[in-house]
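In each ligand, atom 1 is the first atom listed, and ligand 1 is the first ligand listed.
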Amino acid sequence: MSDVLQVEDLRVRYHTLAGPVRAVEGVTFSLKKGERLGLVGESGSGKSTTVLALLRMLKPPARIEAGRVLLDGEDLLQLSEEEMRQARFAKISLIPQGAMNSLNPVMRIKAQLLDTLQYHRQQNGHATRGEMLDHIHYLLESVGLNPAVADMYPHELSGGMKQRVCIAMGISLQPRVILADEPTSALDVVVQRQVMETLGKVQEAIDASLILVGHDMGLMAQFVNTIGVMYAGKLVEVGPVDDMFEEPLHPYTQMLIASLPSLEGKGVFKGIPGITPSLLNPPPGCAFHPRCPKVMDQCRAIVPTLQEVRPGRWVSCLLY
Ligand code: SF4
């Protein structure tokens, strides 16, 4: 399979009055056609900033300082604002966190979907309003909603229905890459499962690649092919999901997986001691060293880099 998306040495900083916050530091990964990559890590690890940087949707004081985002060989970071607007939805789309806040409360669902289709009229091949409305009904059905939802306002829908509308919007122009930023975080577990099944189904139907951002390792285990673990703005481990769960290599990944509740554990929860470091002033050496149970002297001085330590297994740790 060929790479659809290649992200190379992406760096994002938030320029605050206290100084630059290194939110994303040299993130590099690739995504194959049809692949599902899960980006996991604690809050503030840089997952959502990475995704928003791919779409060039970051607002000041955030700034993309360096890197390349190659989508089918075209660097999105080099496009003009207008070219980037054309690329959103048509080539790369976002299913946002919290559908409640991302839909316009005073517009019917139909009008919100029409907005996107009309802007991209040439790319979607539906020239007339009637054709676009037919497409909207088709989209709503494909995410498991009754086409009558098109005439409703967001407040008339449940959380799961609103998230399905966001999925419909995300796939409306059959993008090559779908970015889903914690798409089910506000939903109960039953609805969460149904929404994820729908997302998986429509992603396969349009043969898109997908990046799922989240911190639920259990959900990742069921849904993605590859996992990328982020810590303090960097990718610290990347590998196939089954291998990662069977034998996590980075101490942080080991602790993340050990913190998953298990039936044998009988209600005992294991957290990860310590707190995530300040990205304004990250610790020297390996950023995980203040919390790492396997810390060595050199970890306090040497910054590890992401290396392929086994075929398909990439780890950033001085143990390897
Ligand atoms: Fe732990 Fe050292 Fe590896 Fe960092 S480099 S994860 S501190 S062992």
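Looking at R310 and E308, no side-chain N of the basic residue comes within less than 4.0 Å of a carboxylate O on the acidic one, giving no salt bridge. Salt bridge annotation for E25-R13: present, with a cationic side-chain nitrogen under 4.0 angstrom from a carboxylate oxygen. Ion pairing between a basic and an acidic side chain is recognised when a charged N comes within 4.0 Å of a carboxylate O; E42 and R291 show such pairing.
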I'd like to know whether V213 forms a side-chain contact (heavy atoms from CB on, under 4.5 Å) with T50, so could you lay out the CA-CA distance, the side-chain angles of the two residues, the decisive distance to 0.1 Å, and finally the verdict. CA-CA 10 Å; V213 171; T50 300; over 6 Å; no

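Under a 3.5 Å cut-off, the side chain of K91 and the backbone N or O of D72 do not form any donor-acceptor pair. In this structure a side-chain-to-backbone donor-acceptor pair under 3.5 Å is present from E83 to S80.
At a cut-off of 2.8 Å, measuring from atom 4 (Fe) of ligand 1, the protein N, O or S atoms that fall short of it are C286 SG, waters left aside.
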